[in-house]
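We use all heavy atoms of the structure for the numbers below, so side chains are in, but hydrogens, waters and symmetry mates are not.
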Amino acid sequence: VLSLSEALEHELEGTNVGVTALCPGPSATNLAQGARHRPDHLGGPQLRPTAEAVMAERLAQSGIDPRLVGERVIDAIRSKTFYAFVSAVPADVIKARHRRIEAALETSWTTSY
């Protein structure tokens, strides 16, 4: 999703259309319970295994208020922010991912353009 958003931002450069990649942490919504309300034409309701149900309940109870996520979206649009992080952010995981990507670029298989 991030790569697609980055490509879209590049394609729309110079236009009046902005792009923001929202990266929320755990949010207090019932989104994880959506499968139990799936309509029959989409395969019908599905119950989640116990571990997933417990995780969904924990997120719904301890996640960030969705209104705060909405406020972050508005702030990001107004400030023309591309990467819009909110709530718990695994900064070490993100930094490690980028170090792996940068290391992978240092091969004979890649060239810069």
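A donor-acceptor pair under 3.5 Å links the side-chain atoms of Arg72 to the main chain of Phe85, judged by distance alone. Of the possible polar contacts, one joining the Thr15 side chain to the Val17 backbone as a donor-acceptor pair under 3.5 Å is found. Without hydrogens or angle criteria, Ser27 side chain to Thr29 main chain gives no donor-acceptor distance under 3.5 Å. Using modelled atom types, no side-chain atom of Ser87 and backbone atom of Ile64 make a donor-acceptor pair closer than 3.5 Å.
Interatomic distance, Glu6 CD to Tyr83 OH, rounded to the nearest 0.5 Å: 3.5 Å. With rounding to the nearest 0.5 angstrom, the CD1 atom of Ile101 is 8.0 Å from the CG atom of Leu105. Atom CD of residue Glu71 and atom CG of residue Asp65 lie 8.0 Å apart, to the nearest 0.5 angstrom. Rounding to the nearest 0.5 Å gives a distance of 7.0 Å between SG of Cys23 and CD1 of Ile94. A distance of 12.0 Å separates CD1 of Ile74 from OG1 of Thr20, quoted to the nearest 0.5 Å.
Closest non-hydrogen pair, Val69 versus Leu22, comes out as CG1-CD2, 3.9 Å. When every heavy atom of Asp40 is checked against every heavy atom of Pro45, the shortest pair comes out as OD1-CD, 4.0 Å.
Other residues, nucleotides and ligands place no more than 12 heavy atoms under 6.0 Å from the CZ atom of Arg97.
Residues Val73 and Leu68 share a hydrophobic cluster, clusters being chains of Ile/Leu/Val/Met/Phe/Trp/Tyr side chains in contact below 4.5 Å.
Counted by atom type alone, Ser79 and Thr81 present one or more donor-acceptor pairs between their side chains at under 3.5 Å.
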Evaluate Glu102 against Glu106 for side-chain contact (heavy atoms from CB on, under 4.5 Å), listing each step before the verdict.
CA-CA 7 Å; Glu102 289 175 2; Glu106 303 299 322; over 6 Å; no

